[in-house]
Each structure stands twice: as C-alpha cells, then as structure tokens.
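All remarks here apply to the structure that follows.
Side chains included, hydrogens not; waters and symmetry mates left out as well; all remaining heavy atoms used.
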Amino acid sequence: MKNRKHHRETAVFLGFPIILLCRRRSNIFQLVPFFTALSIVVLILFVLMSYTAPPIDSRHDQFISLFYNGTEPRRNLLEEQVIQELMREGRLSRDIWNSKKSNFYHGCSIASDEFPTAEVNTLPNRYLLIATSGGLNQQRTGIIDAVVAAHILNAVLVIPKLDQQSYWKDSSNFSEIFDVDWFISYLSKDVKIIKDLPRMGNELIIPHTTRVPRKCNAECYQTRIQPILNKKHAVQLTKFDYRLSNHLDAELQKLRCRVNYHALKFTDPIIQMGKKLVERIRKKSQHFLALHLRFESDMLAFSGCYYGGGDEERRELGKIRKRWKTLRVTNPDKERKNGKCPLTPEEVGLMLRALGFGKDVHIYIASGEIYGGEDTLAPLKAFFPNFYTKETLASKEELAPFSSFSSRMAALDFIVCDESDVFVSNNNGNMARMLAGRRRYFGHKPTIRPNAKKLYKMFTDRNNMTWEEFSSHVQKQQIGFMGDPMEVKPGRGEFHENPSACICEDTNVKAREDVTIPRSPAMIFGEGTDSADDGTRKSFGEVTDRHIIEDEQYWFDTDYMENEVGGIQSIGGATISLRELNI
C-alpha cells in the first residue's frame, strides 16, 4: 500500500506543474501529450528503482534453513530456485579448468655440466643421517633438504629416518612410503645414498647427534657440521624440517627439484590405490576439483580461531590447544580479520560458486574428521552434491593396508589432489605448499588458495550486496591466488611452494602459441625425466630475498610444532628441552 501511495503522489507531483503550465499558456497546450508520456516514463523508472535484488544472505540462508528443516521435495524446489541461480550468476570469463599461458612454462631441473657428480664430490668416511619431523609433507621437506645438505657436506647420505613420535604416531619407515631403490638410483649421479650406516673395520660407527638452526645456508653447514664430520665421521641431524635456507645457488635449487619431483616416488601399492581413486572419479566426470579442507579439530585448535560454537567449542578446542605449550595467546577476531583462520566449509563453497564452479562440478575432499561432522559439511555438500572422499570411493577392505597409517592415507590424498584438474587449499600448510610447487613444475595446473584476508570482508558484508556483486568482488580478490604463471608476488611463499629456479619459460612464445604441453602419468608419479635445455628455455633464476620471507610463521600449520608437545622430548637418543627445540 505504501508503494502505491508513493507512486500516486509521484504522479500528482509531476503532473500538477504541467496542468498549471497548460492553463496559463494555451500555445503550449499542444505539448500536453509529450509531457504526459514523459510523466509515464518517469513513473515507470521510479517503480523499477524501488526494486532491489535480495542480498546474498537472504537467498542463501533461506536455502540452508529450509534444507535442514524441510522435506525432500522442498529441498529440490529450493535447489532449483536458489542454487541454479547462483550457478548462472557466478561464471568466470576465464576457463576455470586451465591456467592462463600455462603452456609457455615447464619444469627444468637438469644439472649443468659444472655441477659436480657424486663420484667427484663425495669424500670417504663421511656419513650424514637425519631424523625428520612432523607429518608426511613436513617430513618430505626434510628428506629433500637432506640430499642437498649431504652434497654441501661432501657426505654419503643414509636413508632418512621418519618421525614415528609425532601427533599421528605413524610407525611407517621410509621404504613403506617411498620407493627406496628408485630414490637411491635416480640420485646416484648427485649424491651417494645408502640404506644403513656401515661399520668401520669391525667397529660400529656411532653418529654424533646435533641440530642446525633454521635458515642454515651452505656456509652455515660447512662451518657448523663439516668439522664434526671430519672428526666423528658420522653426524645425525635431529628435527630436520626447514633447516636449509631458501637462498641457495641455482644448481642446489635444481637438486632440490630433482629430489622432490622425480626421486621421491611413492611405493607401488600407494600409487596403484591412488590411481584407482582417480580413475573412479574420472569415470563419473571429465573434470574434478580436489579440496584440502583442513577443518579438523587439531587444525582449528592450533589456529586459535573461533567459529561460533559457544562455550562447548572453546572448551573442546582449548583442551586440544594445550598440546602445544609454546603457542601464543591469540585474539580469534583479529586472527580471522588478518586471514589466518581456515574458511568454513560453507565459506569455501560460496567462494567456489562465486568463482564459477557450478553445482555439476565433482569435488574430492582430502581431509580427516571434520570438526562438527555432517552438520558442518552440509552446506558444502548442498553446493556440490557430487562429493567424494577416499572412504566413498573405496571399500574398507581396499583401504585396510593404509587406514591405520596416517602418512599412507595422506599419500593417497596427495596423489588424488595432484591429479585433480583444480586443487584448492584451505590453509597454507605443508601439503598445500608442496602441491602448489609440484603443480607449477608440471604445467601450472590451477591451484586456488583463498585470499582469506580479503575474503573475510566479503563474507562479513554479504548481507549488504547482491550475489552478482559478491561474485564480482570474490573474483577480483582472488586474482593472484589462482595458480597462474608468475603470479607469486615478492615476499610470498617459500621454495617448495614457488620453485622458480626450476621453472623455465619458452622464449619462442609465438611459435608455440597453440601448443599445449601434456603431463604424462609417469611425470605425475615421479617417474618422469626432465626436458633437455636446448637453448629455447629461459629459467626464472633462483629465489632472492625479495621473493621470500625466511621462516615465516604459518600459524595454521600444525606440522611445525608437532614434536614440541610436552615438556621434554627424546629425539635421536638425545634428551632435549623445549627451550632447545625453539632454535
């Protein structure tokens, strides 16, 4: 009624001056039809302007509310009315399944003729042992850097010892995760690697146990560790994760890439199971998206973030957070505002729909037990009904050889995520960084990392904007976070995430404008060989100080502090206090 009254008043307001004007001046009488038509047009414009599209929350929350409380027919009705509308409105102008200009870049890590071979570089009776730390992908960083450290120290590397004491209590050894014979063979020209420490005559070699600080560069290793090797012949470096600087010369960086992308290959049983999972998704859809959701209780507790669960959430996560004695006290609101909190499953779903991924997209979730269970996952499943996990794609019997070992299960997720057409990470932890670097090296497949700091404002203000506005803002804020070539800005990431010394550009771009570089299965699973440097490739060069912030603290990466739980830890036979752990 108010709108009708407003429109009548508007018509009277516009028409009254015209009538007065016509009465006073008869010569303008002939213009009355014109002014009448003009009044009608203005009236129509007022009616149109009085209507505004409902904000995103009103439509989305209506859907979520009725989804939980309604019947199946009501759910189907709202899916048609709301979700399909979001799908129509949220399309990107770009191809969502490919990175821009990715065919002009490729991985290149072949050693130059100047790089000394293992035969020339290795000195007798010098053995390096390392004890890795954390989960699978954090241990992977330690293995990679151990090979480089052995080359720097002119030493023989003994197969690394995996961490069996961290939060996950995985008893797997190196040969149960990685193909140890392939590892030794592939790197034989770079570093001599053996499975066990030998005897010196009839005597056992007892390694000297020590630790190097983070950020330790080549000179640091030569100054700190080489004198000990000369005297003791064998050194074991404990808690060996991120103990090698990002600032190495290009040849050592390329050695890192040869280890990471070619020498470290999972065992055949893990590869075969991983391939089965991928094949089963491919039978259902030509393309699929993999999401490392990382919304488990330990992740949320470590982050110090709050998700609206009241006293129960604070009590549960606070209890878990006490495992890490050295964590600082955080302000949850400040952490979320600064982009240091994982997005909720619902927020991830909104982001992906805004980026143009429709309801028909098939999505694989790499995750442990989600905090809040099915209630937390329900909004994401509503956005993407074609929803898969390891457990939905394989039987209990098929997963039995892996399910009791966290690292083997993580390896299966790694394979599926690596093979996905689009990979989305919900935090910047070890797995996310490892996969981001690998996907850059093998063809720049789209790798989406939420710009959480900017998206926070979008989610906070979504009541005040239409879906079209929300989608447009999300697409704008995600520029530079989509896995495109050369998008990593100075000061961001670290070498495993951005292996720029191992990414080469084709200088003859025009000649290859319509050529796409295929990614073979052999390369995907670590069996591939590098392209020869034929003079048409140009390396981006080594990472410099402008491209990296050393030892950046990722507050939502639980791997960093797994072995710092409790007062005293025993590592490699040595008793070490918490103060010593924080070198």
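- Judged by distance alone, the side chain of Asn427 and the main-chain N or O of Pro342 form no donor-acceptor pair under 3.5 Å.
- In the model, Ser472 has no side-chain atom that pairs as donor or acceptor with a side-chain atom of Glu468 under 3.5 Å.
- Looking at Gln138, its side chain never comes within 3.5 Å of a backbone N or O of Asn430 through a donor-acceptor pair.
- Under a 3.5 Å cut-off, the side chain of Arg440 and the backbone N or O of Glu497 do form a donor-acceptor pair.
- Residues Phe295 and Pro345 are in side-chain contact: their nearest non-hydrogen atoms beyond the backbone lie under 4.5 Å apart.
- The shortest side-chain heavy-atom distance between Ile130 and Asp145 does not fall under the 4.5 Å cut-off.
- For the pair Arg314 and Asp311, the salt-bridge criterion is met [side-chain N within less than 4.0 Å of a carboxylate O].
- Considering only heavy atoms from C-beta on, Arg315 comes within 4.5 Å of Glu312 through its side chain.
- Below 30°, between 30° and 60°, or above 60°: for His287 and Trp97 the angle between ring planes is below 30°, a parallel geometry.
- At distances below 3.5 Å, not a single donor-acceptor pair connects side-chain atoms of Asp484 with backbone N or O atoms of Glu487.
- Using a cut-off of 4.0 Å between Lys/Arg side-chain N and Asp/Glu carboxylate O, Arg280 and Glu398 are scored as salt-bridged.
- Comment: Lys390 engages Asp413 in a salt bridge, judged by a side-chain N to carboxylate O separation of less than 4.0 angstrom.
- Between Tyr456 and Thr460, the closest heavy-atom pair is O-OG1, 2.8 Å.
- Within the 3.5 Å criterion, the main-chain N or O of Lys340 finds no donor-acceptor partner in the side chain of Arg336.
- Two residues are said to be in side-chain contact when any heavy atoms from C-beta on lie closer than 4.5 Å; Leu291 and Leu380 meet this criterion.
- Under the 4.5 Å side-chain criterion, counting only non-hydrogen atoms from C-beta, Leu455 is in contact with Met351.
- In terms of heavy atoms, Ala366 sits closest to His292 at O-CD2, 3.4 Å.
- Note that CZ of Phe357 is 14.0 Å distant from NE2 of His362, once rounded to the nearest 0.5 Å.
- Proximity of Pro450 to Phe481: side-chain heavy atoms (C-beta onward) are nowhere separated by under 4.5 Å.
- Taking the centre and axis of the six-membered ring of Phe384, the NZ or CZ atom of Arg353 falls inside the cone set by 45° and 6.0 Å.
- The residue from Val474, Val424, Val422 that alone fulfils the side-chain contact (heavy atoms from CB on, under 4.5 Å) condition with Leu352 is Val424.
- Arg211 and Thr238 share a side-chain donor-acceptor pair at under 3.5 Å.
- Salt bridge status for Asp421 with Lys445: absent, with no side-chain N to carboxylate O gap under 4.0 Å.
- A heavy-atom distance below 4.5 Å is found between the side chains of Leu377 and Leu293.
- Arg140 and Asn137 share no side-chain donor-acceptor pair at under 3.5 Å.
- Checked for salt-bridge contact, Asp461 and Lys457 meet the test: a charged N lies under 4.0 Å from a carboxylate O.
- When all heavy atoms of Leu355 and Ile96 are compared, the pair lying nearest together is O-CG2, 3.8 Å.
- Nearest heavy atom pair, residue Phe423 against residue Arg439, reads N-NH2, 3.4 Å.
- A heavy-atom distance below 4.5 Å is found between the side chains of Ile143 and Phe178.
- Between Phe414 and Phe266, the angle of the ring planes goes over 60°, which puts this pair in the perpendicular group of the 30/60° scheme.
- The main-chain N or O of Gly134 is found under 3.5 Å from a side-chain atom of Asp163 such that the two form a donor-acceptor pair.
- When all heavy atoms of Gly304 and Thr330 are compared, the closest pair comes out as O-OG1, 3.3 Å.
- Test Arg408, Gln139, Gln164 against Ser172 for side chain to side chain donor-acceptor pair (under 3.5 Å) and you get one pass: Arg408.
- The existence of a salt bridge linking Arg214 and Asp241 is confirmed by a sub-4.0 Å separation between a basic side-chain nitrogen and an acidic carboxylate oxygen.
- Taking OH from Tyr371 and CD from Glu369, the interatomic distance works out to 11.0 Å, rounded to the nearest 0.5 Å.
- The heavy-atom pair separating Arg449 from Gln478 by the smallest distance is O-NE2, 3.2 Å.
- Side-chain contact check for Glu494 and Tyr242: no donor-acceptor pair (N or O, by modelled atom type) lies under 3.5 Å.
- Arg438 pairs with exactly one of Asp418, Thr447, Asn260 by the side chain to side chain donor-acceptor pair (under 3.5 Å) rule, that one being Asp418.
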Checking side chain to side chain contact (heavy atoms under 4.5 Å, CB included) for the pair Lys381/Glu374: CA distance, chi angles, key distance, verdict? CA-CA 9 Å; Lys381 286 186 174 182; Glu374 285 300 313; 2.9 Å; yes
